[in-house]
Amino acid sequence: MTRTGFVIANLFRKRVRTILTLLSVIMAFLLFGLLQSVNTIFSAGADFVGATRLFVQARVSFTTALPLSMLPKLEAIPGVTRVAYQQWFGGVWLKTNTQLIMFALEPQRYHDVYPEWKMPEAQWQAFERTRTGLIVGRQLANQYGWKLGQRVPISSNIWPQKNGSKAWEFDLVGIFDGKDEDWQKRTNLAFMQQDYFEEANQFGIKGRTNFFILQLAAGANAEAISKTVDAMFENSPDETKTQTEKDFNISFVKQIGDIGLMVRWILFAVFFTLLLVVGNTMAQSVRERVPELAVLKTLGFSDRSVLGFVLAEAFVLVLAGGLVGMVLASLAGAMVEKATGGQFLLEVNGGVWFLGVAAIVLMSLAVGLLPALRARRLKIVDALAGH
Amino acid sequence: MRQAFAITGLSIRSIPERWAPSLVIVIGLAGVVAVFTALLAMAAGFESTLKSTGRHDVAVILRGGSDAELNSALDRDSSDLIKQEPGIRAGADGKPLASAELMVIAELVRKGDVKSGANITIRGVEPTAFALRPQLKIIAGRTFTPGLRELIVGRGVLAQFQGANVGQVVRMRGSEWTVVGEFTSGDSHDSELWTDANVARSTFGRLGSSSVLAALDGSGGLERLKAAIAADPRLSLDVLREDDYFSGQTKQFRLTIGVLAGVVTVIMGLGAVFAALNSMYAAVAARGKEIATLRALGFGGFPVVISVMIEALLLALGGAALGAVIAYLLFNNLSVSTLGQNFTQVVFSFKVTPELVVRGLVIALLIGMLGGLLPALRAARLPVTTSLRES
């Protein structure tokens, strides 16, 4: 019998116990995979956004608008190549009463600043020409089954129209994709024309926006430009706060609260419990096999190889359970993603798998080491005599 | 029954000799119950903070279809009209007890953070606002002076965010505001900064208000107010009782946390069931000879089942109690904040309520029962002769 065979055979000596322990490990890693991917959404979601763009908002809060008259001043700053802007619309899709991430903007400027969105040029042109034009991301279009050329009524919970109606009529003139997988996941956005917004809103709001987005020249110093912008408008009612797109995204997500902290507490509880369960099983199985281990040593197996046997057993147990648990988590994540139409991305990605494998290694050491050391220290005479 | 008691007594007295597997059940369940209780304590804390904000005899009036104060805007004519409508109770001065309020947002930096700003509600109020919220008390400094750029700060804001302590200056839109006092209300206003409505209007370039808060006149007040507003062609408004307005805001959060707690508890619970099964099988195996001896002496199978079940349940109960204590010590009254309906931070504390503890106990007993049943049946079916012969 090979050594591997020996380890596996030992595991299946008490079949019920091994299977039950395995199931506990599977559950722990299923939870690990799911929670860790939730954590990823809230912590590193903005990682793929480069630092080539700056977000300018009102210093007091991005819910306070800035005047569009700032535009030429921003464009004149050295290192700024193009400036776009976007105004929050508060769009609501009435059929399901869900909030849309929808902005009013100037199409040409936005197109220039965001080359990451891929859409046929003809559709960009149609968006520029059509006053009531609307473009949406692929994900959003799929979710609500919107087709190109369709009329889409969207209401705004902030801006009624001049005629008092809350429902705005739009013509869907374009559907955009992301340039890669990361950007594709963010295609849950919708954009309308700033002109249509200014003409039709009841309050006669004109010439204002929530965000300016500055595109920087290659090699431009983002930090220095941020400071220049903020200094330019200091002590005016329209003081600004300028940060990279990435920093903006991070602070935006942070507003929800410290999800990461909560997830870490739960994972700590889960793994502490697991440590005890599996550790106890291993200790028990070594305790029961003391005479056997002594026989092995009598036959000439070194202390180190006996230690190896026990450690290998722990490792196989945790590895098998861990892998199955992580696969289950991946499947469950994919199911959640499908069930919510891509609205809630629960993806057990490479990073999560990497952490999972690290946890498997650490966990097998933690549960196997004590019993393994005990097996190594075993004195043949005492062990044989004790039974 | 007497047999069951006798065997149970025996098995419980022998737990210390088999402490390791028993400990697995206790710790496993403590983990499940602690996580479950902590998550739901968060939901309970959020809910209680928002619910206690709303009074039943006060109405919130927003622009139609705006859902939250943040999205709502009323011009000065509308808010003046609203105050004259029937159904609103008169205050001590004989005028309608109503406050037209302007909600705007400013960013403050969370304690322990360096730059990420979080949205904080700045509420511009009229003097009647204090009469409409008798629960609000100034606990340090003084209240703001109308017409001056002065703020009073809620206790929750002070607990979670920096830069708004009494005496400090907050910069907003190119002007300086002094924080002159601290207040507490025990509800979601604790997460706000208050100032004079007119000063807020001029600084933020807003002419009207976000909402009107009005004290209702008697039990039929709401209906009269609603009818009058619906009949006025100049007004298109939503009128809600304040308590309904605030409890409506907890739905989404409750749902999210409920789903999270459910999924985590089910998966962890399953893990704990498997661990408990393992431990109880081990316990039965360890006592195989003892059980066989009892059976040989004439004890029935049923008392054996009962004794194993009771042992599992007792261990589960111990675990649940431990878990509840851990959740209480670590999380009860822990102050945190999250985004509320107005896209601003709501500061609240975890609340480990007796109801949650009871629910945790029930879950633990359920797991204990599942984990004890199969091993108990195995124990009762052990063939007496083989067990006795085993070494």
Side-chain angles (χ1 to χ4, degrees), chain A residues 16-17 19-28 30-31 34-35 38 58-64 90 92 155-158 160 164 166 203 233-239 241 243 247 250-252 254-258 261-262 265-266 269-270 272-274 276-281 283-284 387, chain B residues 20-21 23-24 27-28 30-32 34-35 38-39 42 63-68 70-73 104-107 110 113 115-120 122 171-175 203-205 236 260 263-264 267-272 274-275 277-279 281-282 330 336-339 343 345 391:
Chain A
V16 176
R17 184 162 73 201
I19 290 174
L20 287 173
T21 312
L22 210 56
L23 285 171
S24 297
V25 179
I26 290 174
M27 288 302 145
L30 168 60
L31 209 49
L34 290 177
L35 288 177
V38 169
R59 200 185 109 165
V60 63
S61 153
F62 55 73
T63 54
T64 295
V92 175
S155 69
S156 166
N157 59 16
I158 311 178
K166 281 176 213 90
F203 308 131
F233 301 100
E234 210 172 341
N235 292 322
S236 79
D238 300 309
E239 283 182 314
K241 172 169 158 181
Q243 52 191 333
D247 284 343
I250 289 174
S251 56
F252 191 87
K254 265 194 192 165
Q255 296 243 14
I256 297 172
D258 203 348
L261 181 79
M262 215 170 66
W265 272 105
I266 300 178
V270 171
F272 184 72
T273 315
L274 177 70
L276 244 106
V277 173
V278 185
N280 175 62
T281 316
Q284 203 177 358
H387 278 255
Chain B
L23 201 63
V24 168
I27 303 276
V32 176
V35 168
L39 280 175
M42 186 161 83
R63 194 191 62 212
S66 46
D67 294 335
L70 173 66
N71 302 326
S72 168
V104 288
I105 298 179
E107 283 185 10
R110 206 181 281 277
D113 206 328
K115 56 178 178 181
S116 298
N119 290 351
I120 309 293
I122 310 271
R171 285 187 63 83
M172 291 190 286
R173 292 182 55 93
S175 57
T203 302
F204 282 83
S236 159
L260 181 65
V263 170
V264 170
I267 299 179
M268 264 188 101
L270 275 176
F274 298 133
L277 276 171
N278 230 348
S279 303
Y281 272 130
L330 285 180
V336 289
S337 74
T338 188
L339 276 185
F343 214 73
Q345 297 292 322
S391 63

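Owing to the predicted nature of the structure, the values given are computational and were not obtained by experimental measurement.
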Toward chain B, the part of [X] with a non-hydrogen atom under 4.5 Å:
X	result
A/Leu35	side chain
A/Phe233	neither
A/Ile19	neither
A/Thr63	side chain
A/Glu234	neither
A/Thr281	side chain

Tell me, do [X] and [Y] make a side-chain contact under 4.5 Å, heavy atoms counted?
X	Y	result
A/Pro160	B/Arg63	yes
B/Arg171	A/Glu239	yes
A/Val270	B/Val35	no

Worksheet item: Based on non-hydrogen pairs under 4.5 Å, which of B/Gly28, B/Ala38, B/Gly31, B/Ala106 is most in contact with chain A?
Response: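 Sorted descending by pairs with chain A, the first entry is B/Ala106.
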
Practice prompt. Among the options B/Leu277, B/Asp67, B/Thr338, B/Asn119, pick out the one with the most heavy-atom pairs lying under 4.5 Å from chain A.
Written response: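 The residue among B/Leu277, B/Asp67, B/Thr338, B/Asn119 with the greatest pair count is B/Asn119.
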
Determine the minimum heavy-atom distance between [X] and [Y], stating which atoms define it.
X	Y	value
A/Gln255	B/Gln345	O-NE2, 2.8 Å
B/Gly65	A/Asn157	O-CB, 3.8 Å
B/Val24	A/Leu276	CG2-O, 3.9 Å
B/Ile105	A/Ser61	O-CB, 3.2 Å
B/Gly117	A/Lys241	N-NZ, 3.7 Å

What part of [X] gets closer than 4.5 Å to chain A, counting heavy atoms only: side chain, backbone, both or neither?
X	result
B/Ala118	both
B/Leu260	side chain
B/Ile122	neither
B/Val336	neither
B/Ala282	both

Output the distance between atom [atom1] ([X]) and atom [atom2] ([Y]), rounded to the nearest 0.5 Å.
X	Y	atom1	atom2	answer
A/Leu30	B/Ile267	CG	CD1	4.0 Å
B/Arg173	A/Thr64	CZ	OG1	6.0 Å
B/Tyr281	A/Leu20	OH	CG	7.0 Å
A/Asn280	B/Leu23	CG	CG	8.5 Å
B/Leu339	A/Ile256	CG	CD1	6.0 Å
B/Leu270	A/Leu31	CG	CG	10.5 Å

Discussion item. Heavy-atom pairs under 4.5 Å with chain B - which of A/Leu23, A/Asn235, A/Thr273 has more of them than the others?
Written reply: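 Sorted descending by pairs with chain B, the first entry is A/Leu23.
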
Discussion item. Please identify, among A/Ala269, A/Ala283, A/Ser236, the residue contributing the most non-hydrogen atom pairs under 4.5 Å to chain B.
Written reply: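 Winner by heavy-atom pair count: A/Ser236.
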
Discussion item. Counting only heavy atoms from other residues, nucleotides and ligands, does the tally under 6.0 Å from CZ of A/Phe203 exceed 12?
Written reply: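 For A/Phe203, atom CZ is crowded (more than 12 foreign heavy atoms under 6.0 Å).
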
Practice prompt. Go through the steps to decide whether B/Leu330 and A/Trp265 satisfy the test side chain to side chain contact (heavy atoms under 4.5 Å, CB included), and finish with yes or no.
Written response: CA-CA 11 Å; B/Leu330 285 180; A/Trp265 272 105; 3.5 Å; yes

Fill in: Aromatic plane relationship, A/Phe62 with B/Phe343 - under 30° parallel, 30 to 60° tilted, over 60° perpendicular
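Judged by the thresholds at 30° and 60°, the geometry between B/Phe343 and A/Phe62 is perpendicular.
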
Worksheet item: Taking the side chain from A/Ser24 and the backbone from B/Gly271, do they hold a donor-acceptor pair closer than 3.5 Å?
Response: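 Present.
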
